[in-house]
Amino acid sequence: MHTAVLFLELGAVLLGLGILGALALRVGISPIPLYLLAGLAFGTGGIIPLATSEEFISVGAELGVILLLLTLGLEYNADELMTSLKGNARAGVVDLVLNAAPGAIAALLLGWGPVAAVAMAGVTYATSSGITAKVLSDLGWIGNRETPVVLSLLVFEDLTMAVYLPVLTALLAGLSLLGGALTVAIALATVSVVLLVALRYGRFIEAFVASPNSEVLLLKVVGLALLVAGVAQQLQVSAAVGAFLVGIALSGELAEDAQALLTPLRDLFAAVFFVFFGLQTDPTKIGPVAGLAALLALVSMVTKLLTGGYAARRAGIGRAGRARAGIALIPRGEFNIVIAGLAVAAGVHPELGPLAAAYVLILAAFGPLAARLVQPLITAIAKRA
């Protein structure tokens with residue numbers, strides 16, 4: 001009977017997500033806000049709480065994060081990563097300062113304390129790589145001059161997360177200054193070792209993983225990513241960051257083949273991930289923080305527009321390209337939810353989860369929509385210029 005109920009719940013959840021995804025495609029928005037709403041509907045305080053499948057969905061959510069970052073890592077190779085970071089390091093620092101500040105300031109003004117401020121800084125800082133990549137593809141911006149600038153900022157943010165997440169984990173666990181410093185040192189050493197292996201010995205990893213058979217290739221790539229993610233987690237580095245670095249180690253035709261195989265699997269578990277965050281959030285608690293979330297989202301839109309404009313201007317890109325770069329950086333999604341989920345699990349503040357959920361809902365929906373709405377205006381600006 002238990003198995004039958006599990007299948008019924010999972011089947012209903014996945015079928016519902018498919019319907020919501022189709023609706024999002026028809027309307028022309030990201031499906032992420034709809035997935036979050038589905039989680040809110042079936043979680044604590046929702047319409048019909050799930051009784052049996054929540055544990056399975058929890059594991060699926062972890063897989064979703066790992067696969068999201070693995071496929072993102074496959075977009076880059078180690079040499080491109082280092083070149084991009086060197087050329088856009090200053091813009092990356094500006095991005096960090098401008099966009100981490102709103103969340104940290106909001107938490108401090110609300111009296112939530114320094115740990116909540118560090119968590120909220122991460123929530124407002126990171127752009128959703130997945131949504132931004134989809135926006136660039138859907139609107140035909142991939143070949144534009146500003147796109148490498150946008151991608152370099154996304155990579156800078158991901159590597160910043162490799163340092164930030166261990167710091168946040170140490171703070172949430174209440175570790176001492178020495179223990180926290182040791183955690184960060186281990187994290188940095190782990191990231192450095194993996195990057196060194198990717199740079200110097202990537203060809204050996206590719207030779208090990210490569211296979212003419214798609215089934216074998218899929219098993220090797222996913223298995224290696226999960227193995228490294230597990231080791232990273234043990235060393236107090238985010239499992240997702242470990243998976244990202246595995247993706248970086250693979251390049252060329254092998255990376256393209258792996259990405260083609262992984263995309264459907266990633267999309268399935270990524271949808272489950274967003275549902276799981278919704279399941280953990282009581283929808284009745286979103287109403288009181290909706291106004292604050294909207295204000296924070298508005299400030300974040302402005303800071304990301306400034307970030308994109310600054311980075312694109314430094315690269316010698318015109319006004320239209322600067323506007324596109326800023327708009328592409330607006331969406332929030334996976335990392336923001338991961339950070340909020342860690343803080344919620346640690347019991348930092350009861351309103352942090354609802355605020356983060358409402359904030360991500362607004363920007364995950366409005367980011368792609370804004371890009372579509374201003375596309376004609378940007379085109380007009382480009383023609384006039």
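Every value quoted in this text rests on a predicted model; they were computed, and no experiment measured them.
- Closest of all the heavy-atom pairs between I286 and A357 is CD1-CB, 4.4 Å.
- Follow the hydrophobic side-chain contacts under 4.5 Å out from L110 and you reach V360 in the same cluster.
- Nearest approach of V123 to A356, heavy atoms of both residues: CG1-CB, 4.2 Å.
- Under the salt bridge (charged side-chain N to carboxylate O under 4.0 Å, His left out) criterion, no residue pair touches residues 206-220, with sequence neighbours excluded.
- Summarising the geometry, atom CZ belonging to R324 is positioned 10.5 Å from atom CZ belonging to R145; distances are rounded to the nearest 0.5 Å.
- In this structure Y359 satisfies the side-chain hydrogen bond (donor to acceptor under 3.5 Å, both in side chains) test together with S300, R332, sequence neighbours excluded.
- Taking every heavy atom of both residues into account, A38 and L20 meet most closely at CB-CD1, 3.8 Å.
- Remark: T263 OG1 to L74 CG distance equals 9.0 Å, nearest 0.5 Å.
- Placement of L292 and V299 in two distinct hydrophobic clusters is found when ILVMFWY residues are connected by side-chain heavy-atom separations under 4.5 Å, directly or transitively.
- Side chains of V221 and L70 form a contact here, defined as non-hydrogen atoms less than 4.5 Å apart.
- In terms of modelled atom types and a separation under 3.5 Å, the side chain of K304 and the main chain of Y125 share a donor-acceptor contact.
- Contacts classified as ring pair (Phe, Tyr, Trp, His ring centres under 6.0 Å) and involving residues 87-108 (residues at least two apart or in different chains) are not found.
- A distance of 11.5 Å separates CZ in R322 from CD in E146, rounded to the nearest 0.5 Å.
- When each of L227, V228, L226, V209 is tested with V246 by the rule side-chain contact (heavy atoms from CB on, under 4.5 Å), just one qualifies, namely V228.
- In this structure, L296 CG and L363 CG are separated by 8.0 Å, a value rounded to the nearest 0.5 Å.
- A distance of 8.5 Å separates CG of N213 from CG of L219, quoted to the nearest 0.5 Å.
- F208 is not connected to V216 by any chain of hydrophobic side-chain contacts under 4.5 Å among Ile, Leu, Val, Met, Phe, Trp and Tyr, and they are in different clusters.
- Taking hydrophobic clusters as Ile, Leu, Val, Met, Phe, Trp and Tyr residues chained together by side-chain heavy-atom distances below 4.5 Å, F269 shares a cluster with L261.
- Contacts classified as side-chain hydrogen bond (donor to acceptor under 3.5 Å, both in side chains) and involving residues 96-118 (residues at least two apart or in different chains) are given here: D95-N99, N99-T303, N99-T307, W112-H349.
- I205 and A249 get closest at one heavy-atom pair: CD1-CB, 3.9 Å.
- Tested against V272, the residues L14, L63, D267 include a single side-chain contact (heavy atoms from CB on, under 4.5 Å) partner, L14.
- Side-chain N or O atoms of T132 include one that pairs as donor or acceptor with a backbone N or O of A328 at under 3.5 Å.
- The two residues L305 and A323 have their closest heavy-atom pair at CD2-O, 4.4 Å.
- D257 is linked by a side-chain hydrogen bond (donor to acceptor under 3.5 Å, both in side chains) to nothing, counting only residues two or more places apart in sequence or in another chain.
- Checking side-chain atoms of E157 against main-chain N and O of T127 turns up a donor-acceptor pair under 3.5 Å.
- In the hydrophobic clustering, where aliphatic and aromatic side chains (Ile, Leu, Val, Met, Phe, Trp, Tyr) are joined below 4.5 Å either directly or transitively, L98 groups with V94, V302, L306, Y310.
- Interatomic distance, OG of S211 versus CG of L254, reported as 10.0 Å (0.5 Å rounding).
- Of all the heavy atoms in A255 and L250, the pair that sits closest is CB-O, 3.8 Å.
- Connection of L23 to L17 is established within a shared hydrophobic cluster, with ILVMFWY side chains joined at heavy-atom distances below 4.5 Å, either directly or through further cluster members.
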